[in-house]
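Read through the structure below, which is laid out as structure tokens, and then see the notes.
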Amino acid sequence: MDWGTLHTFIGGVNKHSTSIGKVWITVIFIFRVMILVVAAQEVWGDEQADFVCNTLQPGCKNVCYDHYFPVSHIRLWALQLIFVSTPALLVAMHVAYYKHEAARRFRRGEKRSEFKDLEDIKRQKVRIEGSLWWTYSSSIFFRIIFEAAFMYVFYFLYNGYHLPWVLKCGIEPCPNLVDCFISRPTEKTVFTIFMISASVICMLLNVAELCYLLLKVCFRRSKRAQTQRTPPNHALKESKQNEMNELISESGQNAITGFPS
Amino acid sequence: MSWTFLRDLLSGVNKYSTGIGRIWLAVTFIFRLLVYMVAAEHVWKDEQKEFECNVRQPGCENVCFDDFFPISQVRFWALQLIVVSTPSLLVVLHVACREGREKRHRKKLYVSPGTMDGGLWYTYLISLIVKTGFEIGFLVLFYKLYGGFSVPYFMKCDLKPCPNTVDCFVSKPTEKTIFILFLVITSCLCIVLNFTELSFLVLKCFIKCCLQKYSKTLKSSVCECHNLRYVKYGEMGAPPLLQNHHLDSAMSTAQGGETKVLCGTQEA
């Protein structure tokens, strides 16, 4: 049980996502999950063992480490990835419910013309419209909220995205203000900035996807309004009437010109 | 044998669950199992190595650690996950029993072995009650064992062979507290989901029973009405069956909807 399970859960949503959604899923799994698993966990592996304070006082190191790192960077990223991926499950559940209802109606004999068999319903790509549009848009909205929230929590907890190489700590039982040294601060800063940048890119993709969905709906509504204002039958009638009027006026003119004055 | 085995077993339960049951499964997989595997396990990795007491007496640290953490919180979490997930397997077992029975008798005994009716409904209900009981039980046990849901950054210990009351420092207490709170919140969420599913199932069954009773009383009252008419037209002297037929058709055309409903129910 690992990130592969999450990939299986989210991968199922991929089929029903927009193109921007598919790009988002790719960025999440390649630039964030893979980097976290392959690199970040190695870099942070010895974070407490190699956290050294300039004192022999037992307990001082523990207390100082706990004060400066209430939650480890990699745990926070893991939680962020889990929370950011979960809204996609709402879409998966909605699609599953929609297919279940379609299968039920098919078995009752309705909508036989739309689908060949039950397998066809399972393979069908569900369009993002109606109630699914609302579910999909809400999931994107929550994703943006979670990304922003975690980025803020990160900034708030660590006073920025840069790790210093020495920290000053004077908490009990440390006897005085002692220097404490973090292991690999530069490498950790590089990875922190990388993960934050990937986060920002994902957030921008989500915002772009939301705008795209809103524009699609507005465009569809204006198209529908346009076709309602000039329905095709009425347009045809108008053009036929115009033709007849032209014929009448032409014949009338001919009649007038032909009449001996 | 690892967590994937449990995950695969539970995925089989998904087929026979209600909608709320599937939400429970998703919450358990993602917010409990996945969080445990990718994050929580690593927080407690070096708990004993980094547990430090302010004394050089050999054995004092070991004794104090054992006294404060009889079972590691993360192992307790894993145990809770396993125990809480297993009642769902009762449902899978029952469905497998049904399928076995159908194979043995070589005929269709049920509408579908996975339909929640009869004995399977009771099995599902019992599995829900047992699951909820285990969740509440584990939460209460956790509270009693560790004296709350937070991890203090230091503890006082005076057990032998420690020479006096010494200060012992726990590693990563804040991070551990955060994950323990996460565990408690997801546990409570699962309890709420179980209660909701329980109420939903009981209410559904109750409504079905009421509707069945109501339709039975409606059918019996319609039969009485038909008998009364039969007697009434009998008084007029004509053969009752013939007269009934004529008058029924006359009434259906004259009175329209109301009579049609009566006839309709009779025909049904």
Side-chain angles (χ1 to χ4, degrees), chain A residues 1-10 33 36-37 40-41 44-51 56-83 85-90 92-94 96-97 100 153 157 171-175, chain B residues 2-8 10-11 14 19-20 22-23 25-47 49-56 60-61 78 81 151-155 166-179 182 186:
Chain A
M1 180 86 190
D2 55 8
W3 293 108
T5 314
L6 189 70
H7 184 250
T8 320
F9 275 126
I10 306 303
V33 175
L36 183 71
V37 169
Q41 280 183 337
W44 270 267
D46 55 1
E47 53 176 333
Q48 196 176 7
D50 284 346
F51 182 81
L56 285 174
Q57 171 63 45
C60 178
K61 186 185 99 160
N62 281 10
V63 158
C64 291
Y65 180 84
D66 184 62
H67 176 76
Y68 285 108
F69 301 108
V71 183
S72 170
H73 289 62
I74 41 170
R75 250 80 68 185
L76 209 56
W77 283 325
L79 282 175
Q80 181 183 13
L81 284 168
I82 291 171
F83 273 89
S85 310
T86 352
L89 286 177
L90 288 173
M93 279 189 220
H94 193 137
Y97 171 75
H100 172 78
V153 163
L157 276 179
I171 311 165
E172 284 270 341
C174 301
Chain B
S2 65
W3 290 106
T4 35
F5 177 70
L6 186 71
R7 183 201 69 184
D8 294 336
L10 286 179
S11 303
N14 204 21
I20 304 174
R22 286 178 189 157
I23 297 174
L25 270 168
V27 167
T28 301
F29 274 153
I30 293 173
F31 291 106
R32 296 175 80 178
L33 208 52
L34 188 63
V35 168
Y36 170 87
M37 293 297 298
V38 305
E41 231 182 2
H42 302 286
V43 180
W44 273 267
K45 198 170 58 173
D46 53 3
E47 55 174 333
K49 206 168 60 132
E50 299 289 343
F51 181 79
E52 228 175 354
C53 287
N54 192 2
V55 76
R56 289 178 74 137
C60 180
E61 267 182 20
L81 274 173
V151 180
Y153 77 91
F154 87 101
M155 292 180 263
V166 297
D167 292 336
C168 291
F169 301 90
V170 180
S171 88
K172 302 191 241 197
T174 310
E175 199 166 3
K176 286 175 180 173
T177 305
I178 289 172
F179 278 98
F182 193 86
T186 47

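Note: hydrogens, waters and symmetry copies are ignored here, and every other heavy atom, side chains too, is used. Residue numbers begin at 1 in each chain, while the letters A, B, ... track the order of the sequences.
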If we define contacts as heavy-atom pairs under 4.5 Å, which of Gly19(B), Ser171(B), Cys53(B) has the most with chain A? Ser171(B)
Could you tell me whether Lys172(B) and Glu50(B) have a side-chain N and a carboxylate O separated by less than 4.0 Å? no
When Thr28(B) is tested against each of Leu34(B), Leu81(B), Leu33(B) for side-chain contact (heavy atoms from CB on, under 4.5 Å), which residue passes? Leu81(B)
Please rank Cys60(A), Ser72(A), Ala78(A) by heavy-atom pairs under 4.5 Å with chain B and give me the top one. Ser72(A)
Criterion side chain to side chain contact (heavy atoms under 4.5 Å, CB included) on Val63(A) and Phe169(B), from CA distance to verdict: CA-CA 8 Å; Val63(A) 158; Phe169(B) 301 90; 3.9 Å; yes
Pick one of side chain, backbone, both or neither for Asn54(B), based on which atoms fall under 4.5 Å of a heavy atom in chain A. both
Would the distance check show the side chain of Gln57(A) and the main-chain N or O of Cys174(A) forming a donor-acceptor pair, the cut-off being under 3.5 Å? no
Side chain from CB out, backbone as N, CA, C, O: work out which of these in Thr86(A) comes under 4.5 Å of a heavy atom of chain B, or both, or neither. side chain
Engaged part of Phe83(A) at the chain B interface, taking heavy atoms whose separation is under 4.5 Å: side chain
Winner by heavy-atom pair count (cut-off under 4.5 Å) against chain A, out of Val43(B), Ile23(B), Asp167(B): Val43(B)
Please verify the inter-ring angle class for Tyr65(A) with Phe69(A); under 30° counts as parallel, over 60° as perpendicular, anything in between as tilted. tilted
Which region of Phe179(B), side chain (C-beta onward) or backbone (N, CA, C, O), has a non-hydrogen atom less than 4.5 Å from a non-hydrogen atom of chain A, or is it both or neither? side chain
May I ask you to decide if the ring planes of Phe31(B) and Phe182(B) are parallel, tilted or perpendicular, using 30° and 60° as cut-offs? tilted
Part of Leu79(A) within contact of chain B (heavy atom distance under 4.5 Å): side chain
Counting only non-hydrogen atoms closer than 4.5 Å, does Ala96(A) touch chain B with its backbone (N, CA, C, O), its side chain (CB onward), both, or neither? neither
ring-ring contact (aromatic ring centres under 6.0 Å, His included) involving Tyr153(B) - partner list, sequence neighbours excluded: none
